[in-house]
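Please read the structure below before turning to the comments.
Atoms within a ligand are numbered from 1 in the order they appear, just like the ligands themselves. Excluded from the calculations below are hydrogen atoms, water molecules and symmetry mates; all remaining heavy atoms, backbone and side chain alike, are included.
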Amino acid sequence: MRIIAIIGARPQFIKHFPFEKACEGRIDLKTIHTGQHYDENMSAVFFEQLGMKKPDYMLNIGSDSHGAQTAKMMIEIEEILVQEKPDGIVVYGDTNSTLAGALVASKIHIPIFHIEAGLRSYNKQMPEEINRILTDHISSCLFTPSNIATKNLNDEGLTQNVYEVGDIMKDLISYIKNKGLVKEINDKDYYYATIHRPYNTDEKSRLKYVLEALNKLNRRVIFPIHPRTKNNMGAFKLNIEDYPNIDFIAPQSYINNLSYLINSKGLITDSGGMQKEAYWVEKRCVTIRTETEWLETLIGGNNFLLFHDLSGMNDKLNESGLNWNDELYGNGESSKVIVDKILNF
Ligand code: UD1
């Protein structure tokens, strides 16, 4: 069986690794990298550090408005799929690269396997929410990480070829831990923070408020800064020297990022994936959003949503007495099950 996977943004490189491994000797896998993320430390570093195969096609689309970026991806993906005629495509998650691949494949009748299907934030202001809904509805086979995701699909009338397989990102965490690749950090008295969503970074007053809130925390904050956040800080003339409690560092490789998280006293984020990763490594998380698609992490207060008023962040990060469910989002072997299901399809 010949499958083409379409990736393009940082979280997809991470999800692709376990799938690529699970395909070895079972599925003939090729990869298209759209180039949505292109900086060395947003892209190449993941392939190098994890020892992933170089993409078979590198499209170098780069940044643009949503419409232009997605359209450029579609034009090039279509040419490749018409020529390659794969038995199916795999797309991950909810980025513009996901939607571009799925739209093209659906029009030329190539089966679509959507990994991380069924997530909903019910916030249609998020481009990711539109990307998820559309991709789910044109996919041939939907792999969900949880009960709630499966139910979301069923509620929208999607009941055929829906498989609850757990979360593929958990496969990678298990792999890194089992291989003993997590790095030790001596001074552990810090919080780790990642902020990049448009609603936290695209307006000066909001970005300033978030940075000020981090700057006031009772521990120092290590903050790998996403290009969107960095660009906007520059455009708004927000200077790193004005936030002495925050250590701004470059975006980190997968293993470094995980190591920073594991050694920390807690996470502050607006990322989707990092909320789950914090849960799996048993770190309290404060999510700077009004909603999350990862609802299960909120049960028991392990993850906590704060948005308009961030003054409670310190207290939330320091609450004790949490319980963690080892089984949340599967057992770390979902990629193998996904490959079984694709072969049976
Ligand atoms: C994208 C995904 C988001 C995911 C995030 C992870 C969509 C709609 N959003 O958001 O779901 O959580 O990736 O990082 O697909 N830039 C660079 N270098 C890079 C990449 C981006 O400088 O390598 C800058 C560009 O100025 C670009 C901006 O960052 O305009 C935003 O990048 P983009 O890929 O459009 O969206 P993200 O915010 O990264």
Side-chain angles (χ1 to χ4, degrees), residues 6-16 32-48 55 58-74 77 91-103 114-117 119-121 123-136 167-169 193-203 206-207 210 223-236 248-254 256-257 267 269-278 285 287-289 291-294:
I6 295 163
I7 55 179
R10 184 167 59 174
Q12 292 165 333
F13 310 141
I14 295 165
K15 291 166 197 168
H16 188 56
I32 301 176
H33 183 328
T34 63
Q36 175 171 352
H37 286 174
Y38 45 87
D39 286 354
E40 165 83 22
N41 55 15
M42 295 290 287
S43 172
V45 68
F46 295 91
F47 291 83
E48 284 154 18
M58 188 73 219
L59 305 187
N60 297 316
I61 300 296
S63 307
D64 214 321
S65 64
H66 285 280
Q69 187 184 55
T70 311
K72 286 181 195 166
M73 290 175 188
M74 287 179 68
I77 293 170
V91 289
Y92 305 91
D94 54 21
T95 74
N96 291 341
S97 302
T98 312
L99 180 64
L103 276 176
H114 186 201
I115 298 181
E116 204 184 79
L119 276 296
R120 296 291 180 268
S121 67
N123 174 2
K124 284 196 180 161
Q125 296 297 314
M126 291 177 73
E128 293 81 6
E129 183 74 354
I130 308 296
N131 294 344
R132 294 180 192 120
I133 295 172
L134 296 178
T135 302
D136 282 340
D167 196 303
I168 198 160
M169 282 174 67
T194 76
I195 302 287
H196 75 278
R197 294 252 162 243
Y199 47 63
N200 279 324
T201 57
D202 280 1
E203 272 178 30
R206 177 65 192 174
L207 181 54
V210 173
F223 185 177
I225 186 164
H226 187 283
R228 172 189 284 280
T229 312
K230 187 177 179 196
N231 295 345
N232 287 342
M233 279 184 74
F236 303 148
F248 293 92
I249 59 173
Q252 296 295 302
S253 65
Y254 180 75
N256 288 7
N257 186 61
L267 175 72
T269 193
D270 59 7
S271 148
M274 293 282 295
Q275 294 172 53
K276 296 177 284 177
E277 288 173 331
C285 177
T287 299
I288 312 292
R289 294 172 51 172
E291 82 304 296
T292 177
E293 49 287 354
W294 301 103

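- A side-chain donor-acceptor contact under 3.5 Å links Q275 and T292.
- Near D94, meaning under 4.0 Å from any of its heavy atoms, are these atoms of ligand 1: 11 (O).
- Ring pair F13/H33 is tilted by interplanar angle, where 30° to 60° counts as tilted.
- Counting heavy atoms only, R228 comes closest to atom 28 (C) of ligand 1 of the residues K230, R228, M42.
- With hydrogens and angles disregarded, no donor-acceptor distance shorter than 3.5 Å links the side chain of N41 to the backbone of A250.
- Of all the heavy atoms of P11, the ones lying under 4.0 Å from any atom of ligand 1 belong exclusively to the side chain.
- Near H66, meaning under 4.0 Å from one of its heavy atoms, ligand 1 places the atoms 8 (C).
- Ranking protein heavy atoms by distance to atom 8 (C) of ligand 1, first place goes to N96 OD1, 3.4 Å.
- Some N or O of Q36 is nearer than 3.5 Å to an N or O of ligand 1, by distance alone.
- Nearest to atom 13 (O) of ligand 1 by heavy atom, out of H37, E128, E129, is H37.
- The closest protein non-hydrogen atom to atom 27 (C) of ligand 1 is S63 OG, 3.3 Å.
- Close contacts of ligand 1 with N231, meaning ligand atoms under 4.0 Å from a residue heavy atom, involve 24 (C), 26 (O).
- In this structure, the protein non-hydrogen atom closest to atom 24 (C) of ligand 1 is P227 CB, 3.6 Å.
- Here the closest non-hydrogen pair linking F236 and T201 is CE1-O, 3.4 Å.
- Remark: D39 does not engage K230 in a salt bridge, criterion side-chain N to carboxylate O under 4.0 Å.
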message: For a side-chain hydrogen bond (donor to acceptor under 3.5 Å, both in side chains) check, start with the C-alpha distance between T98 and Q12, then their side-chain angles and the critical distance, and finish with the verdict.
response: CA-CA 9 Å; T98 312; Q12 292 165 333; 2.9 Å; yes
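- Ligand 1 lies out of reach of S271, whose nearest heavy atom is not under 4.0 Å from it.
- Checking Y92 against S97 by side-chain atom types alone, no donor-acceptor pair falls below 3.5 Å.
- Counting only N and O atoms by type, the side chains of T269 and T194 include a donor and acceptor under 3.5 Å apart.
- Distances from atom 4 (C) of ligand 1 to the heavy atoms of H226, R10, H196 put H196 nearest.
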